[in-house]
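Heads up: the structure comes next, in structure tokens.
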Amino acid sequence: MTTPEQLPHFDDDPYDDANLADPYPLFERMRAAGPAVWLTRHGVAAFTRHAAVREILVDHETFVSGAGVGPKNLHHEPAWRPQGILESDPPIHTSMRSAMVDVISPRGVRTLREGFQAFADELVDGLVVRGRIDAVGDMAEVFPIHAFGDAVGIPREGRAENLLPHGAMNFSAFGPDNERARAYFARGEGTRDWVMRNCARESLTPDGLGAKVWEHADAGRITSDQATLLVRALLSAGLDTTALAIGNTVASLLADPDAWARVHENPRLVRFAIDEALRIESPFQSFFRTASVDTIFHGIELAAETKVLVFPGAANRDPEQWGDDAARFTLDRQAGGHLAFGMGIHQCVGQPISRLEMEVLLTTLATRVKHLRPAGEPRRFLHTTLRGWSSLPIELVAA
């Protein structure tokens, strides 16, 4: 048996700017070293292989989320904000997830398509007329802020100024307390009050998804505090990582003109493009779990209350799972089974809405745009746990 400290030692910092800009060479070395490595700078065992990461995510009894999905153990340290569905365990998690599953039912999601499509038509038509756009600032962020914000039923005023900085701040807590994380907390100062105030019952429209969450509080299935947190979780599920995923999908297609030609010819391939982009450029790159008991995992002795670090972004490029071309984007891959949305009881409950947003917007784009071309230097969005673009200049040539 091996203790965590006896694992192959890596002095590299996955959270420094160079590795955030391009994490994949480090991930490749970490996967090659074994099922886990010891990150000396952070004092934690890190898992990068698909099989191990998936097992940790599925085994919610051994590897719990209630101690926090960041490096701090919330069993022993105070949380910086109220813990919601992402950082809870059964039975609390069960009641909150049941409410979310009911709100995001297949029938409920289908009712969103018409509104999503109407805004996608309006947005894309305007972008095609302009010709040169920023795929992030003009499209990937605009669509979920408007379309999904309306679906949830939060006020329009203040969305753009608060929602994305709030999300970047929240997700920073899932990584180390470094200079970059502190910068996102500084930028997000004040946004939490706006978000929590506008997730309350009195701020929501009566026919939105947020109001449906509050119906579960009225029925006594969840508390009022949990209802507010669930509306907040809805926003995270359908906005932050969705915006990044849209940009990542466009960037992947932009790098392969043949892939865009195929998608334009057959827009049904958009679904395959989305899944493959989620796999190869996972918006959510890393987070923590905590061992609830003494356990032996892949030959490694883990004591109760030990934090482990998992990298879905590395697991989703594991050649053992995806073959020798795992680092290549291709429309011909069956990418189902990727871990971009997590796995197990904590798999993103808002996944159906996120997928619908991406599918509607990108299918509309593929239908109307014959050629997609670079139109300037893209800029990476550097974040401790998220991956995407802050700017992606493109040229759209109408069909």
Side-chain angles (χ1 to χ4, degrees), residues 13-23 26 39 41-42 44 65 68-74 77-87 134 136-137 140-142 144-145 148-149 154 158-199 229 232-248 281-288 307 309-313 340 342 348 350 354 378-392:
D13 185 359
Y15 300 102
D16 68 25
D17 283 0
N19 284 317
L20 293 178
D22 183 11
L26 173 59
L39 295 178
R41 290 173 182 250
H42 301 284
V44 67
S65 298
V69 297
K72 294 182 178 180
N73 189 326
L74 301 186
E77 300 181 64
W80 71 277
R81 62 169 188 168
Q83 291 175 256
I85 188 172
L86 193 60
E87 293 186 307
D134 188 326
V136 176
E141 293 177 349
V142 171
I145 286 176
F148 187 62
I154 62 168
R159 285 184 197 171
E161 299 88 346
N162 288 280
L163 289 178
L164 291 175
H166 180 73
M169 176 181 68
N170 279 347
F171 284 109
S172 289
F174 301 159
D177 181 17
N178 60 16
E179 183 177 349
R180 185 164 293 283
R182 289 190 290 272
Y184 280 112
F185 265 81
R187 293 174 199 171
E189 185 177 359
T191 61
R192 180 180 176 274
D193 291 340
W194 185 93
V195 169
M196 297 300 282
R197 183 171 64 251
N198 287 288
C199 289
L229 294 175
R232 185 191 71 185
L234 260 179
L235 291 171
S236 295
L239 199 150
D240 303 296
T241 51
T242 300
L244 294 172
I246 292 169
N248 289 346
E281 290 281 18
S282 304
F284 206 169
Q285 288 276 300
S286 65
F287 48 89
F288 290 76
K307 285 279 182 174
L309 176 56
V310 295
F311 284 94
C348 177
S354 179
R379 292 197 315 273
R380 271 283 171 200
F381 170 64
L382 296 186
H383 190 279
T384 47
T385 61
L386 302 175
R387 182 162 176 80
W389 300 92
S390 61
S391 179
L392 190 64

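The two residues Leu235 and Cys199 make their nearest non-hydrogen contact at CD1-SG, 3.8 Å.
For the pair Ser391 (side chain) and Arg379 (backbone), a donor-acceptor distance under 3.5 Å is absent. A donor-acceptor pair is defined here as one N or O able to donate and one able to accept, closer than 3.5 Å; no such pair exists between the side chain of Arg159 and the backbone of Leu164. For Glu141 (side chain) and Ala243 (main-chain N/O), no donor-acceptor pair under 3.5 Å exists by modelled atom type. Looking only at distances, no side-chain donor or acceptor of Asn73 sits under 3.5 Å from a matching main-chain atom of Lys307.
Using a 3.5 Å distance cut-off with no hydrogens or angles, the side chains of His42 and Asp13 do pair a donor with an acceptor.
For the atom pair Arg180 CZ and Leu382 CG, the distance stands at 4.5 Å (nearest 0.5 Å). Here the OH-CD distance, from Tyr15 to Gln285, works out to 10.0 Å after rounding to the nearest 0.5 Å.
Residues meeting the ring-ring contact (aromatic ring centres under 6.0 Å, His included) test with His383, sequence neighbours left out: Tyr184, Phe381. Taking the ring-ring contact (aromatic ring centres under 6.0 Å, His included) definition, one finds that Phe288 meets it with nothing, sequence neighbours left out.
Tested against Phe171 for a ring pair (Phe, Tyr, Trp, His ring centres under 6.0 Å), the candidates Phe284, Phe185, Phe287 yield a single pass: Phe284.
Between Arg380 and Glu281 a salt bridge is recorded (basic side-chain N to carboxylate O distance below 4.0 Å). With respect to Asp177 and Lys72, no salt bridge is recorded, no charged nitrogen being found less than 4.0 Å from a carboxylate O.
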| task | Please test Leu163 against Ile154 for side chain to side chain contact (heavy atoms under 4.5 Å, CB included), starting from the C-alpha separation and ending with a verdict. | result | CA-CA 11 Å; Leu163 289 178; Ile154 62 168; 3.8 Å; yes
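Side-chain contact between Met169 and Arg187 is absent, with no heavy atoms from C-beta onward closer than 4.5 Å. The shortest side-chain heavy-atom distance between Pro176 and Arg41 does not fall under the 4.5 Å cut-off.
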